[in-house]
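Residue numbering restarts at 1 for every chain, and letters A, B, ... go by the order of the sequence lines.
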4 protein chains.
Amino acid sequence: MKKRIVEQSILLFERKGFSETSIQDVVEALGVTKGTFYYYFSSKEQLLRDIHLMYIDDLLTLQEQIIENPETSYRTKLSETVKLLVTQIKVTGRPARVFHREMMHLKPESASTVKQKRRLFRFNIQKIIESGVETGEFRKDLQADLVAFAILGMCNWSYNWFHPNGSVTDEELAEAYMETLLNGMVNRDG
Amino acid sequence: MKKRIVEQSILLFERKGFSETSIQDVVEALGVTKGTFYYYFSSKEQLLRDIHLMYIDDLLTLQEQIIENPETSYRTKLSETVKLLVTQIKVTGRPARVFHREMMHLKPESASTVKQKRRLFRFNIQKIIESGVETGEFRKDLQADLVAFAILGMCNWSYNWFHPNGSVTDEELAEAYMETLLNGMVNRDG
Amino acid sequence: MKKRIVEQSILLFERKGFSETSIQDVVEALGVTKGTFYYYFSSKEQLLRDIHLMYIDDLLTLQEQIIENPETSYRTKLSETVKLLVTQIKVTGRPARVFHREMMHLKPESASTVKQKRRLFRFNIQKIIESGVETGEFRKDLQADLVAFAILGMCNWSYNWFHPNGSVTDEELAEAYMETLLNGMVNRDG
Amino acid sequence: MKKRIVEQSILLFERKGFSETSIQDVVEALGVTKGTFYYYFSSKEQLLRDIHLMYIDDLLTLQEQIIENPETSYRTKLSETVKLLVTQIKVTGRPARVFHREMMHLKPESASTVKQKRRLFRFNIQKIIESGVETGEFRKDLQADLVAFAILGMCNWSYNWFHPNGSVTDEELAEAYMETLLNGMVNRDG
DNA sequence: TATGAATGAGGTTTCATTCAT
DNA sequence: TATGAATGAAACCTCATTCAT
């Protein structure tokens, strides 16, 4: 039941927004009553916190696997991170949109936990870049922190417009992004 | 008075979100009454629509000036667009955040007008890229539409974290972004 | 202007009801502003009172002419009263409906003036009947007061359903009513 | 609770009118809160609709009993219908007044259901008259539809003035109305 | 004679939450 | 484990009215 509530909530939060979705909406869609909701969650905010934590914890786990793989270059690790963020849209498009949009509705204490984990995720990207700079894979003059932000923005923004069933697949998008990021836009042929 | 209401609303919408900001909050902050608000706006949604239109219309005007300048290269035009988006944070950080976050609260008809203008802004970026490809400034294999999305994501995302008074200035950020975008991350020296 | 306000108000009160019609509705329909309204009327209630008084005073004047005509029988006087009430629908359908529906919104003091005049109108009908009984035109066992109520109900109720442009004309309706009233429903032929 | 809300509402609607009675008024009189009201009714309009349907459905049921009785003449059936309408004032005076006054506040769709049922009630009266004409009880030249309207007007109007505890009882009123209706006002003795 | 800005009280409705069962 | 009745605070919005100009 708890799981069903979470799933239904994500669906509705994504479609109508957190504030615009009432507990009533959620339980009605499930055919249960409000009492049931409060049996499993102590508040609407707690539900949102759970969703956020589930999501970021998942991301961090997957990121860890990418980073800890001893056989891949930093370039590949970065590539896989981008792919992770972009290809996950198919799987996690809905929770992702909720994740990016509704953080402001968390209470300060929940928000701070979540923010810390998001920061960690970003910092891991930054470290990949820094490591790549050290090994000479990447240019020395990159500002790793800013580039990490740039990559995150690029990828996360795609949740605003990207549809996995459109003319561009998620893999193609990830590749196009990486190609631009790695080699730049400038024409060096002429 | 109408202008004061708009300004105060932007302030509060940015701080607490559209749904969480009540008309009461707005008018109380201004020392007037709810009646006054409804004298100038027919609904809360209309106020949000006005804010959105003001913002995107401003952006489009500034973009036009960049594009129509006959003396600049496409590379420069792109650079100026990034600078426009990023440096405007100082000036329009608040309305920008409202702009990016709260579009879902517009009624379908208002939303469609705004979306069309946002699409136009993005399409103009895409055209700069395409023109740059044609003149040989940019690589031939760029997918202009995806790159336009990438640039927008990169810049717009910075509203989530960038503070103009931090250790990095807006101009530095714009330059770092452009540098990465134009020349890529890969080290070509070694 | 004052007259235009009254006319427009009657139109709207009839269509939407007194409470549901706002001063805003009235002045908007006239292309003026609320200030104008309050220049001519001290309150919404006063406007309604004026409408009521105009209407009942008109009726009383016409009734007087019927009653004071020395050449008509009481039967004719009654007939003309019915005709007065019914045929006036064409002319005064709208104000009449307002008149019958919205009296509860008058303040006690206004209401009492209007009620007194309405009572007078009814009492005049009752007197016609009583006089007709005395002259032998009408049956001796009629309860004049109740019959007066019956006639008023019959006629006034027609404002709820009668359309002067329908298959029955107002004159035909008046005649059918009088025929039933005077001669009854019972078949005396068989 | 739902029943108590309905009863209290009828009381207040009759006394002050539908628009002038607020939900607050109703729940305050019952010592509950507004939330309670909206637990049982989805809107103020729905409450009014319920009241209307209850009332007209009751009337139709009673009318059916009158019509379907095989032992009574049409004259008696008509008489009983008038008695039904008039004597019900004692029982249903309040809901009746609400019923007759406040139909304009129903939404079009609710109104149309109620109107249909009211039309049926009237049409049943008309059929009694038509049947009575066929059997020779009533005069052949009656216009059954207009007479039905006349009777309804006569009876319903009495809700505007009749008090069951006054000098005339409801039974006397019904009888006086029927006497006038059946035998007419004209004096046939002289 | 008319305007337009402002008020303030009140209206309907929504909703997260509680709690006895 | 779940229900359903009830709460109460707050939301958006309407509107008759006032008043300086």
What's the [atom1]-[atom2] distance between [X] and [N], to the nearest Å?
X: B:Glu28; N: F:dC12; atom1: CD; atom2: C1'; answer: 15 Å
X: D:Leu47; N: E:dG11; atom1: CG; atom2: P; answer: 16 Å
X: A:Lys44; N: E:dT18; atom1: NZ; atom2: P; answer: 15 Å
X: B:Arg4; N: E:dA6; atom1: CZ; atom2: C1'; answer: 13 Å
X: B:Gln46; N: F:dC13; atom1: CD; atom2: P; answer: 10 Å
X: B:Leu48; N: F:dC13; atom1: CG; atom2: P; answer: 12 Å

Six-ring centre of B:Tyr40, B:Lys3 cation under 6.0 angstrom, axis tolerance 45° | no
Can you check whether C:Tyr39 has a side-chain N or O nearer than 4.0 Å to OP1 or OP2 of E:dT3?
-> no
Phosphate oxygens OP1/OP2 of F:dC19: is one of them under 4.0 Å from a side-chain N or O of C:Tyr38?
-> no
Nearest of [options] to any side-chain atom of [X]?
X: C:Tyr40; options: F:dA16, E:dT1, E:dA6; result: E:dT1
X: D:Thr36; options: E:dT3, F:dA6, E:dT12; result: F:dA6
X: D:Thr33; options: F:dA6, F:dT1, F:dT7; result: F:dT7

Between the side chains of C:Thr61 and C:Asp58, does any donor sit under 3.5 Å from an acceptor?
-> no
So what's F:dA20 paired with, Watson-Crick or G-U wobble, going by both distances under 3.5 Å?
-> E:dT3
Matching residue for C:His105 among C:Arg101, C:Lys107, C:Glu102 - test: side chain to side chain donor-acceptor pair (under 3.5 Å) | C:Glu102
Indicate, with yes or no, if the rings of C:Trp157 and C:His100 have centres closer together than 6.0 Å.
-> no
Between D:Val32 and B:Glu45, the residue closer to the 5' end of DNA chain F by nearest nucleotide is D:Val32
Checking all strands, does C:Thr21 fall into the base, sugar-phosphate, or nothing category for heavy-atom contacts under 4.0 angstrom?
-> sugar-phosphate
